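Numbers restart at 1 for each chain; the letters A, B, ... are given by sequence-line order, proteins then strands. Just so it is clear, the model here is predicted, and its values are computed rather than measured.
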Number of protein chains: 2
Amino acid sequence: MTDPEPTHDIEAVFREKGIPFTRQRRLIWEFFAGADRAATIGEAADALRGDGVGQATVYRAVILLSDLGLLARVQDRRGEICYTAPTIGHSHPLICGVCRRVVRFDGDGDVKELEARLSAATGFSIYGHHLEVYGICPDCRRDGGAGG
Amino acid sequence: MTDPEPTHDIEAVFREKGIPFTRQRRLIWEFFAGADRAATIGEAADALRGDGVGQATVYRAVILLSDLGLLARVQDRRGEICYTAPTIGHSHPLICGVCRRVVRFDGDGDVKELEARLSAATGFSIYGHHLEVYGICPDCRRDGGAGG
DNA sequence: AACTGGCGTGAGAACCGTTCTCAACTGCTG
DNA sequence: CAGCAGTTGAGAACGGTTCTCACGCCAGTT
Ligand SMILES: [Mn+2]
Ligand SMILES: [Mn+2]
Ligand SMILES: [Zn+2]
Ligand SMILES: [Zn+2]
C-alpha cells in the first residue's frame, strides 16, 4: 500500500506522442485532475460548457486521456461511470460512497499472490485486474453526508 | 481462495420472500445460471424473445435477481456490463477476456488486510470492495479465440 | 502575406440501450 | 364468478453516447 506517484507533466506526454495539447484538452484535463473526487463525463461537460467546450469534445478527450493512461474509469456504488486522475503508475481507488472523493493506493502486493494461486488453480493466464474499495471518508462520517 | 458454494434452490428464496417465481423469471434465471460465462441483458433478451419473454421483463427480472443477490454485475475488459450467476456467498469473478467465461473465487482473505491498512492510513470506514481478475482461459489460449 | 492540408472542434442529429406507460393477463381469495 | 394485487409485453419516451459535417486553427510552404 505505497502511495502511488502523482501525475505530472501531461504536456510532455502529449508532446512526446505528437498529439496536440489544445485549449479544450487542457481544460478537460484540469477539470478531472483538479478535482479530488471522481466525476462523470456529464459533469465535466456541464462545468465546461461556459468555457466554450463542446460535449463531443469532452467525450473525445476522455477517451484520449484514458488511452494515454491519464484518466481511469471507476464506478461509484450505484454503478455510475466516473473518471478520476491522476493515475500515472499503477494504482487503485478508495472511493467515498457519499462524496466520491478518491484516495489512490497501490494494492498490487496483495493481489499478486492471489493471482498466482488463481492461475495455478484454473490454468487462466492472467493479464489484469480491477480493484476498487468503497468507504465513507472522515468528513462525510462527521457531518453525515455533505462531504467537502 | 476457497471455492464459493454454488447457488441452489432459487425457488426457495422467492417463496421465502413471498415473491412469485413466474415462468419468465425462471427462464431468465436459467439463462444466466445455465451459462458458464457472463452475459449482457441484451443477449438474454435476444435469447428469450422466442420464448415470449419481453425485453422489459428481462430488465425487471435482472434488477430483482440482483437485489436478491442471485446475480452479480461484472464488466468485461471493454467496460460492457454483464451479469453472472451463481453468486450465493461472497465471491469474485475471474473472467476470460476472450469468451467471458467466469470462474468464481473467494479472495477476501487477501483483501481484508489491505482494507485494514487503508482504513488506518486514511480514516475511511470501509464498507465494500469490487474485485475482478481478467485472464485468458485455457481453451481460448489453445485455439486462439473461439473459446468453447 | 496568401495558400494548403490535416487535424480538432461544436451544434445538432442520429443512435441505441434503458425506462416508462398502460392495457391485458395471471393467480389468488371469497 | 367478481374483485384485487401483482406481472407482463408492445411500444413510446427518454437520455446518454456517438456520429455528421461545416468550420476554425495551426504549421508548413511558396
Ligand atoms: Mn492493480
Ligand atoms: Mn470480496
Ligand atoms: Zn466523503
Ligand atoms: Zn475464454
Nearest-angstrom distance from the residue atom CG of A/Leu48 to P of C/dT9: 12 Å
Is the base of D/dG9 touched by the side chain of B/Arg49 through a donor-acceptor pair closer than 3.5 angstrom? no
Are B/Ile63 and B/Phe32 connected in a single hydrophobic cluster, I mean Ile/Leu/Val/Met/Phe/Trp/Tyr linked by side-chain heavy atoms less than 4.5 Å apart? no
Between D/dT17 atom P and B/Glu80 atom CD, what is the distance in whole Å? 14 Å
Ring center gap for A/His92 and B/His129 short of 6.0 angstrom: no
Just how far, in rounded Å, is P of C/dG27 from CZ of B/Arg26? 13 Å
Students often get this wrong, so: under 4.0 angstrom with heavy atoms, is B/Gly52 touching a base, only sugar-phosphate, or nothing? sugar-phosphate
Rounded distance (Å) that lies between atom C1' of C/dC7 and atom CZ of A/Arg60: 11 Å
If you check the B/Gln55 side chain, which of D/dT8, D/dC19, C/dT18 turns out closest? C/dT18
For the residue pair B/Leu64 and B/Tyr59, establish whether any side-chain heavy-atom pair is separated by less than 4.5 Å. no
In whole angstroms, the gap separating P of C/dT18 from CD1 of B/Ile81 amounts to 9 Å
Nucleic acid contacts - residues 16-25 of chain A versus DNA chain C, non-hydrogen atoms under 4.0 Å: A/Pro20, A/Thr22, A/Gln24, A/Arg25
Looking only at side-chain N and O atoms, does B/Tyr59 come under 4.0 Å of OP1 or OP2 in C/dT18? yes
Residues that A/Phe31 engages under ring pair (Phe, Tyr, Trp, His ring centres under 6.0 Å), provided they are two or more places apart: none
side-chain contact (heavy atoms from CB on, under 4.5 Å), that's the test. Do A/Asp110 and B/Arg117 meet it? Break it down for me. CA-CA 11 Å; A/Asp110 301 81; B/Arg117 274 177 284 139; 2.5 Å; yes
Shortest non-hydrogen contact between B/Ala72 and B/Arg104, atoms and distance: CB-NH2, 3.8 Å
What integer distance in Å separates A/Leu64:CG from C/dT9:C1'? 14 Å
Take atom CG of B/Asp46 and atom C1' of C/dC16, then tell me their distance rounded to the nearest Å. 13 Å
State, to 0.1 Å, how close B/Ile81 and B/Thr40 come at their nearest heavy-atom pair, and which atoms those are. O-CG2, 3.6 Å
Starting at CG of B/Asp51 and ending at C1' of D/dT8, how long is that distance when rounded to a whole Å? 15 Å
